[in-house]
Chemist: 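Pasting a structure here, questions to come.
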Amino acid sequence: VYSCCYLSRRLNQLSSHDPLWKRHCKKYWLISEEEKSQRNQSWKAIFISTYSDLGRYIRYYATLKKAWDDLEKYLGQRCPRMIGSLKESVREEDLDAVEAQIGCKLPDDYRCSFRIHNGQKLVVPGLMGSMALSNHYRSEDLLDIDTAAGGFQQRLGLKQCLPLTFCIHTGLSQYMALESVEGRNKYEIFYQCPDQMARNPSAIDMFITGTSYLEWFTSYVNKVVTGGYPIIRDQIFRYVHDKECVATTGDITVSVSTSFLPELSSVHPPHYFFTYRIRIEMSKDALPEKACQLDSRYWRITNAKGDVEEVQGPGVVGEFPIISPGRVYEYTSCTTFSTTSGYMEGYYTFHCLYYKDKFFNVTIPRFHMVCPTFKVSTARMVSG
């Protein structure tokens with residue numbers, strides 16, 4: 001009995017030892033020393049009060065809070081006007097009310113994220129990335145909880161799916177499946193893609209973008225804050241750059257980044273739309289007489305079946321850019337495949353401005369384009 005009393009007294013002393021709670025506050029709630037001093041509480045009191053509010057999210061909170069903090073810091077430096085579109089957190093009762101409204105449970109990682117930020121206002125640019133071509137523009141907002149609940153789907157083809165994003169220009173959304181129905185996994189995230197060859201309007205194929213909200217959101221944030229997506233005109237553009245897609249010919253370097261556009265693609269019929277952004281740069285150390293002008297382009301385009309198409313033409317996107325030491329020229333173009341992947345490679349032909357009869361080719365590195373994983377509509381499989 002004496003030993004048990006001693007052990008109980010010792011455990012009680014340890015549980016009141018404030019430095020032990022400091023580690024847990026920092027690990028699970030990311031509480032800083034500065035925040036502790038502002039709250040004027042012990043580490044133990046802070047942990048208990050925070051747990052009473054956010055305890056159900058202890059598995060997710062630190063990861064999502066760090067992602068949001070990293071994103072806000074990055075946007076503050078690179079896209080400050082986007083910060084103003086973020087909404088304050090919601091309360092537990094707000095999330096409970098939405099569950100009652102839609103008749104489905106929200107996953108805890110999703111709820112946790114909205115306890116930190118309630119998405120954003122419906123503005124441009126959208127937090128979840130943009131894409132622009134000469135006649136097409138997309139910018140996806142991260143929907144607040146009420147707007148998402150208003151777009152909750154019960155119709156066939158998208159049954160029990162909650163929109164996470166929305167583009168006011170194209171109507172495009174990414175959805176999260178709240179139940180395992182119609183061939184979807186629970187909490188899977190996807191772009192809808194209507195089956196254009198089926199007579200059944202509920203035949204909707206899906207381009208998969210995530211397996212859970214936590215994975216979907218944090219992987220996107222990681223690409224943004226590590227520079228994986230470029231910032232262009234104060235917007236996050238969802239171009240992916242492969243570091244191996246770089247080729248240098250003399251003083252000129254060509255690099256390529258690519259992106260898949262689900263809103264312009266389809267599985268049935270097979271039509272996969274990609275855009276690519278090319279950067280042409282002459283070394284700042286090049287001699288002035290190395291200045292040159294682009295005359296023409298040559299492309300060799302190969303699909304997944306090995307079919308080859310060759311394209312040759314003057315300039316690029318109607319322009320004949322002049323490249324001089326230190327100058328950069330960038331342009332965007334697009335291509336389509338009837339297969340789920342393919343690649344392009346080729347060269348540009350330039351002429352020297354100082355020696356006009358001197359022509360030379362500059363290599364365009366091979367770059368691959370692959371559409372994301374997709375699922376075929378169960379309505380098509382049933383009818384088949």
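Throughout, numbering of the chain's residues begins at 1 and tracks the sequence.
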Chemist: Does Asp109 pair with Arg59 as a salt bridge, N-O distance under 4.0 Å?
Modeler: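 No.
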Chemist: In terms of side-chain geometry, is the basic nitrogen of Glu179 or Lys159 positioned less than 4.0 Å from the acidic oxygen of its partner?
Modeler: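 The answer is no: the pair does not qualify as a salt bridge.
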Chemist: Would you call Lys22 and Asp18 a salt bridge, using N to O less than 4.0 angstrom?
Modeler: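 Asp18 and Lys22: not salt-bridged.
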Chemist: Are the charged groups of Lys375 and Asp205 less than 4.0 angstrom apart, N to O?
Modeler: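 Result for this pair is no, no salt bridge flagged.
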Chemist: Check for a donor-acceptor pair, side chain of His117 on one end and backbone N or O of Lys87 on the other, with a separation under 3.5 Å.
Modeler: yes
Chemist: Does the gap between the ring centers of Tyr272 and Phe337 come in under 6.0 Å?
Modeler: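 No, they do not, as the ring centres are separated by 6.0 Å or more.
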Chemist: Hydrophobic side-chain clustering at under 4.5 Å (ILVMFWY, transitive links): who's grouped with Met206? Put none if nobody.
Modeler: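 Met206 shares its hydrophobic cluster with Leu158, Tyr175, Phe190, Ile204, Ile208.
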Chemist: Testing the basics here: between His271 and Leu264, what is the closest heavy-atom pair and its distance to 0.1 Å?
Modeler: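 Closest approach of His271 to Leu264: CD2-O, 3.3 Å.
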Chemist: Taking the ring centre of each residue, are Tyr347 and Trp299 less than 6.0 Å apart?
Modeler: no
Chemist: Inspect the contact between Lys73 and Asp69 and indicate whether a charged nitrogen and a carboxylate oxygen are less than 4.0 angstrom apart.
Modeler: no
Chemist: Tell me the closest heavy-atom pair linking Leu127 and Tyr220, and the distance in Å.
Modeler: O-OH, 2.7 Å
Chemist: Work out which heavy atom in Pro365 is nearest to a heavy atom in Val256; give both atom names and the distance.
Modeler: CG-CG2, 4.0 Å
Chemist: Is any side-chain heavy atom of Tyr213 closer than 4.5 Å to a side-chain heavy atom of Arg111?
Modeler: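 Of all side-chain heavy-atom pairs linking Arg111 with Tyr213, none is under 4.5 Å.
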Chemist: Where do Thr50 and Arg39 come nearest, in terms of heavy atoms and distance?
Modeler: OG1-NH2, 3.7 Å
Chemist: What's the shortest heavy-atom distance between Cys193 and Val267, and which atoms?
Modeler: SG-N, 3.8 Å
Chemist: According to side chain to side chain donor-acceptor pair (under 3.5 Å), does anything in residues 308-317 pair up with another residue at least two apart or in another chain? List the pairs.
Modeler: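 Every pair satisfying side chain to side chain donor-acceptor pair (under 3.5 Å) with a residue in residues 308-317: Tyr298-Glu310.
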